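A, B, ... follow the sequence lines: proteins, then strands. Residue 1 opens every chain. Predicted model only: the values in this text are computed from it and were never measured.
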Amino acid sequence: MPPDTLSDSPESDVTSALTFKDTELTLGIPGEPTRSPAGKFCTKRGFIETVDLNLRTSTSKPRGKAHADEVDDRSDDVVSGTCKTPASKTQVVGWPPVRSYRKKALESCKYVKVAVDGAPYLRKVDLETYNSYQELLMALEKMFTCFKIRGNYLDESKVIDPMKEMEYVPTYEDKDGDWMLVGDVPWKMFIESCKRIRLMKSSEAVGLAPRTPPRCTTTT
Amino acid sequence: MMNYFPDEVLEHVFDFVTSHRDRNAVSLVCKLWYRVERYSRQRVFIGNCYAISPERLIARFPGVKSLTLKGKPHFADFNLVPQDWGGYVQPWIEALARSRIGLEELRLKRMVVSDESLDVLSRSFTNFKSLVLVSCEGFTTDGLAAIAANCRFLRELDLQENEIEEKKNHWLGCFPDSCTSLVSLNFACLKEINLAALERLVARNPNLKSLKLNRAVPLEALQRILMRAPQLVDLGTGSFVLDRDSDDSETYRKLRTTILKCRSIRNLSGFLEVAPHCLPAIYPICVNLTYLNLSYAAGIHGSELIKLIRLCGKLQRLWILDCIGDKGLEIVASTCKDLQELRVFPSDPFGAGHDAVTETGLVAISSGCPKLNSLLYFCQQMTNAALIAVAKNCPNFIRFRLCILDPTKPDPVTMQPLDEGFGAIVQSSKRLRRLSLSGLLTDRVFLYIGMYAEQLEMLSIAFAGESDKGMLYVLNGCKKLRKLEIRDSPFGDMALLRDVGKYETMRSLWMSSCDVTLGGCKTLAKKMPRLNVEIINENDQMEFAPEDSQKVEKMYLYRTLVGPRKDAPEFVWTLV
């Protein structure tokens with residue numbers, strides 16, 4: 001790593017983070033050679049000879065898939081680390097002390113609450129058990145059998161006909177706390193960012209533009 | 001007097017001495033006892049695989065049948081140790097294979113295991129019976145296939161929380177039809193499994209007592225498996241989901257009937273995927289349970305969890321998620337009067353933690369469960385008053401690990417550090433062996449630990465203390481200390497170097513993001529040739545003419561009889 005990266009400002013680091021440094025998986029504010037709360041990780045292995053230090057050259061050892069998993073695990077930290085300011089919610093490496101195996105096992109349980117306007121109680125669904133928006137909405141329809149849910153989903157290049165008597169629009173709250181219309185992003189991305197689901201009354205769904213052209217009946 | 005007995009008699013007496021420590025003590029009495037003990041030793045425990053070499057192990061204990069090895073430092077669990085640091089089992093297996101050791105059991109923790117190692121293992125020891133891998137990595141299901149195919153008398157294959165690459169092979173089908181000796185099988189950490197092979201395997205292994213399934217085993221298959229194995233003592237379910245709407249009421253009814261026959265189940269875990277409406281099927285066996293692990297069952301919460309726990313009056317060990325809440329812990333306290341071990345894990349480590357537990361839950365547990373001796377508790381907050389109450393209610397802690405999610409949080413009521421609270425714990429639990437601290441802590445807590453924690457063997461410190469005095473209190477006071485791990489605390493060279501001989505009485509010391517410098521580490525390494533002082537330099541922060549005054553990001557030192565290790569990667573520097 002060239003010496004002048006040590007004095008990079010955070011802003012330039014963010015832009016360079018999109019290229020080479022992104023794959024470097026460095027955490028925290030650059031330019032701080034010693035301890036920082038965000039911790040550090042770097043996959044680059046520099047080899048420099050120094051006086052008095054007993055150095056060992058690496059011998060090749062089988063890596064196994066574990067390496068890839070470790071990288072993925074750290075990349076989550078990178079996304080949160082480089083984009084946040086140090087003050088508030090910097091995620092410290094290795095804290096809380098939960099084994100990465102456990103973190104991954106629980107992460108893959110994507111249970112989100114589902115609220116329907118007018119229903120007296122909420123339900124929970126595990127998004128991981130569905131493979132597409134179709135499946136999810138069918139399951140939601142089964143769960144809340146008295147409500148008909150609208151969905152217009154461009155499946156590849158196919159437009160699925162809107163269901164009859166649409167009263168409810170499926171919306172969700174994403175990681176940033178914004179309320180979004182279900183169906184805009186690819187399914188995998190949706191699972192990653194969805195925190196909760198709300199089946200909103202169509203009459204209230206003002207301002208959320210329908211995905212398909214306005215030939216379908218809506219109040220928006 | 002004992003010298004008048006022939007060696008066989010001594011050996012017979014020593015057979016009754018089973019713990020590693022006791023046998024180690026026996027071997028130090030005199031040369032005769034050393035000799036008899038070493039030839040008769042069957043089980044060897046090596047807490048740090050770099051402290052000794054396989055050749056020396058084999059030379060000293062030619063009769064060894066069971067070997068336990070641990071590799072990476074504990075903080076590797078939390079991503080503080082880079083990949084490729086070390087901990088390879090290959091040299092051990094190769095050396096054992098070359099020797100005439102009749103290895104029967106191998107237990108590994110935090111080690112790197114390759115398919116080749118597993119293959120050599122499976123072919124080299126005809127009586128091999130038991131393989132236990134905990135938090136290991138580096139192998140695939142090909143390695144498991146070799147074990148299944150070649151170990152003709154395999155009794156135990158226990159895979160706990162390993163990172164295993166899964167190939168398309170059906171490794172489970174590699175168990176030959178003649179394999180009927182299985183007692184324990186745990187593959188919960190895998191994602192896939194060959195169901196048909198599993199059911200056949202269970203059917204022909206009538207001695208199976210412990211079976212832990214993975215998510216790929218659906219409820220219908222569980223029912224069929226339990227039909228074949230009603231003798232199970234230890235069950236980990238996989239998927240526990242039946243679609244409420246489908247025609248599975250028949251399956252559910254069969255499951256209920258089958259479970260009723262499983263009267264031997266004492267340990268229950270799994271529920272990696274669960275539909276709460278299926279839980280009543282296990283209600284009938286709850287009354288017999290002594291160990292319940294729902295720490296991966298994110299799908300059970302609130303009232304269902306409580307309904308389940310109310311039935312478990314005989315529980316001794318409970319592992320649970322913090323979504324149980326303080327109220328849920330109160331139910332545990334009033335139901336599980338025999339509780340000895342409680343672990344409460346965070347269900348959402350970085351989230352808002354609305355469901356998380358606080359000091360209230362812990363105090364309730366301590367007052368309802370006076371036998372509590374082992375605790376791991378992740379919580380939102382803790383108060384000194386609560387810890388003092390817990391200390392008073394439960395004076396029998398052997399393990400006390402508290403993790404406040406915000407690591408430097410003070411007592412929210414008084415805004416004071418938690419020194420007094422932890423002080424009360426160490427003072428009251430005279431048999432405390434393991435302690436993990438968190439929250440706002442000054443040097444004072446270490447004064448208390450040094451004064452009172454006479455049996456303490458392992459101490460984990462994070463974001464705590466104010467000066468070198470803190471670390472010194474611990475090093476001076478805790479005579480039985482074996483493992484000390486410290487991160488993000490202001491301890492430096494003065495504390496590190498005050499009593500260099502101390503580290504030869506310990507297994508290891510880990511210090512990361514502290515104030516120790518390269519110069520300090522070098523001094524220590526020079527004075528103590530029987531320590532390996534390793535610096536982990538993953539960031540190249542030491543790349544440019546490192547000065548002795550530069551702080552070391554990660555240092556790991558451990559006593560060893562075999563000098564610097566030869567397999568260290570280039571980012572690990574062993575100082576001499």
Where do [X] and [Y] come nearest, in terms of heavy atoms and distance?
{"X": "A:D126", "Y": "B:R215", "value": "OD2-NH2, 4.4 Å"}
{"X": "A:V93", "Y": "B:N79", "value": "CG1-O, 4.1 Å"}
{"X": "B:F378", "Y": "A:P96", "value": "CE2-CB, 4.0 Å"}
{"X": "A:L106", "Y": "B:A298", "value": "CD2-CB, 4.1 Å"}
{"X": "B:E163", "Y": "A:S100", "value": "OE2-OG, 4.4 Å"}

State, yes or no, whether a side-chain contact exists between B:L405 and A:W95 at a heavy-atom distance under 4.5 Å.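 Result no, sub-4.5 Å side-chain heavy-atom pair not found.
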Where on [X] is there a heavy atom nearer than 4.5 Å to chain A: the side chain, the backbone, both, or neither?
{"X": "B:A188", "result": "backbone"}
{"X": "B:S460", "result": "neither"}
{"X": "B:L321", "result": "side chain"}
{"X": "B:F75", "result": "neither"}
{"X": "B:S295", "result": "both"}
{"X": "B:D115", "result": "neither"}

Are A:V92 and B:R487 close enough, and set up right, to give a side-chain contact (heavy atoms from CB on, under 4.5 Å), and what steps lead you there? CA-CA 12 Å; A:V92 176; B:R487 63 166 292 182; 3.2 Å; yes
Measure the SG-OH distance between B:C189 and A:Y101 for me, rounded to the nearest 0.5 Å.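 Answer rounded to 0.5 Å: 5.0 Å.
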Distance (rounded to the nearest 0.5 Å) between A:R99 CZ and B:F345 CZ: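 So the gap between those two atoms works out to 8.5 Å.
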Who are the side chain to side chain contact (heavy atoms under 4.5 Å, CB included) partners of B:T523, not counting sequence neighbours?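 Partners of B:T523 under the side chain to side chain contact (heavy atoms under 4.5 Å, CB included) test: B:L497, B:K527.
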